[in-house]
Amino acid sequence: MERKTVGELFEELVDIVAQLRGEHGCPWDREQTRTTLKPLMLEELYEAFDAIDREDEEALREELGDMLLHIVFHAQIGKEKSSFTIEDILTYIIAKMKKRHPHVFGEASVKDVEEVLLNWEKIKEKERKSEGMLASLPRSLPAILRAFSMQARVARVGFDWKDARDVEKKVEEEWREFKEAWKNADQKRMEEELGDLLFALVNLARHLGIQPEDALQKACDRFAERFAFIEENLRALGKDVSEASLEEMDALWEKAKREPLKHS
């Protein structure tokens, strides 16, 4: 059997979604809106992230397919509303990629990645008109990811610390300011200083080549696994975790830290 081309497969997916949304299609698909699809779309995104973290290529293939389905689904809703079509989406992103990469599709030349990113920001600056560099970052992003993205963006135009040692000093400064607010029981200032401290820690992670979101997720994984170890050992003793003393749980926690992690 002759293998279908990318174009043929894509057109088939577009047709399938149109049929599902059609008069004689699926009742569930027909009643979906942009709003009802939001949590499902977000779930697919995080499932793709999980597959990447597990280095599971087969699962990633499936999750990327699910994400592509959402894009086609939103395009079909757009077609029904006469706002935009899948062709409009493709036309836009193709033009955008060519415009943003003049060193590949034009006559511009760059010497390294840093120059590519600087050139990228210059092109985006012309597109933004009156908007600032950070205006397009949605506030709905997880705070650590938003902080990381902000810092990375402004770094492209030179607004950055020279090295990690400078950021380390900033972290220590923010920690001192937080402790002072804590000592004075100033709740409002404590919140502000803790935010500044977290922002500085994200910056330090970036300078050290660490993805802070991933680092915190892994810390959460370690905590969950070690606490599950406590619960399991207490159950073996005929105890519920709510009945155990802090000393018992601390002892089991230290024991858990000596055990190899299942998800390291």
Is there a salt bridge (charged side-chain N to carboxylate O under 4.0 Å, His left out) between Glu168 and Arg165 once you walk through the steps?
CA-CA 5 Å; Glu168 180 188 17; Arg165 292 297 180 191; 3.2 Å; yes
Do [X] and [Y] touch side chain to side chain, with heavy atoms closer than 4.5 Å?
X: Asn233; Y: Lys255; value: yes
X: Ile77; Y: Thr33; value: no
X: His103; Y: His101; value: yes
X: Gln19; Y: Asp15; value: no
X: Arg21; Y: Gln32; value: yes
X: Phe49; Y: Glu63; value: no
X: Leu137; Y: Arg153; value: yes
X: Arg34; Y: Lys81; value: yes

Minimum heavy-atom separation for [X] and [Y], please, with both atom names.
X: Phe227; Y: Trp253; value: N-CZ3, 4.0 Å
X: His70; Y: Leu37; value: CE1-O, 4.0 Å
X: Ala181; Y: Glu193; value: CB-CG, 4.4 Å
X: Gln76; Y: Ala18; value: OE1-CB, 3.6 Å
X: Glu213; Y: Pro142; value: OE1-CB, 4.2 Å
X: Ala48; Y: Met67; value: CB-SD, 3.7 Å

Note: [X]-[Y] ion pair, threshold 4.0 Å (strictly below):
X: Glu192; Y: Arg189; value: no
X: Arg235; Y: Glu231; value: no
X: Arg258; Y: Glu254; value: no
X: Glu191; Y: Lys188; value: no

Among side-chain atoms of Thr91 and Asp88, is any donor-acceptor pair under 3.5 angstrom?
no
We want to know whether His207 and Asp160 form a side-chain donor-acceptor pair, criterion being a heavy-atom distance below 3.5 angstrom.
yes
For Glu58, look at atom CD and say whether over 12 heavy atoms of other residues, nucleotides or ligands are found less than 6.0 Å away.
no
Look at atom CD of Glu243 and say whether more than 12 heavy atoms of other residues, nucleotides or ligands are closer to it than 6.0 Å.
yes
Could you tell me whether the side chain of [X] and the main chain of [Y] form a donor-acceptor pair under 3.5 Å?
X: Asp163; Y: Asp166; value: yes
X: Gln151; Y: Asn203; value: yes
X: Ser83; Y: Gly78; value: yes
X: Arg30; Y: Glu23; value: yes
X: Asn184; Y: Glu180; value: yes

Is it true that [X] and [Y] fall in one hydrophobic cluster, defined by side-chain heavy atoms closer than 4.5 Å?
X: Leu13; Y: Leu20; value: no
X: Val202; Y: Leu145; value: no
X: Leu64; Y: Ile71; value: no
X: Leu9; Y: Val14; value: no
X: Tyr92; Y: Leu90; value: no

To the closest 0.5 Å, what do you measure between [atom1] ([X]) and [atom2] ([Y])?
X: Phe73; Y: Met41; atom1: CZ; atom2: CE; answer: 11.5 Å
X: Glu57; Y: Ile52; atom1: CD; atom2: CD1; answer: 9.0 Å
X: Leu69; Y: Asp66; atom1: CG; atom2: CG; answer: 6.5 Å
X: Glu232; Y: Leu252; atom1: CD; atom2: CG; answer: 10.5 Å
X: Phe84; Y: Ile89; atom1: CZ; atom2: CD1; answer: 5.0 Å
X: Ser242; Y: Leu234; atom1: OG; atom2: CG; answer: 9.5 Å

List, by chain and then residue number, the residues other than Val104 in its hydrophobic cluster (Ile/Leu/Val/Met/Phe/Trp/Tyr, side-chain heavy atoms under 4.5 Å); write none if there are no others.
Phe105
Linking Ile, Leu, Val, Met, Phe, Trp and Tyr through side-chain heavy atoms less than 4.5 Å apart, which residues share a cluster with Leu197?
Trp161, Val167, Val171, Trp175, Phe178, Trp182, Met190, Leu194, Leu198, Leu201, Leu204, Leu208, Ile210
In sequence, state the C-alpha distance, the side-chain angles, and the governing distance for Glu174 and Lys170, and then conclude on salt bridge (charged side-chain N to carboxylate O under 4.0 Å, His left out).
CA-CA 6 Å; Glu174 298 297 353; Lys170 184 62 177 175; 3.1 Å; yes
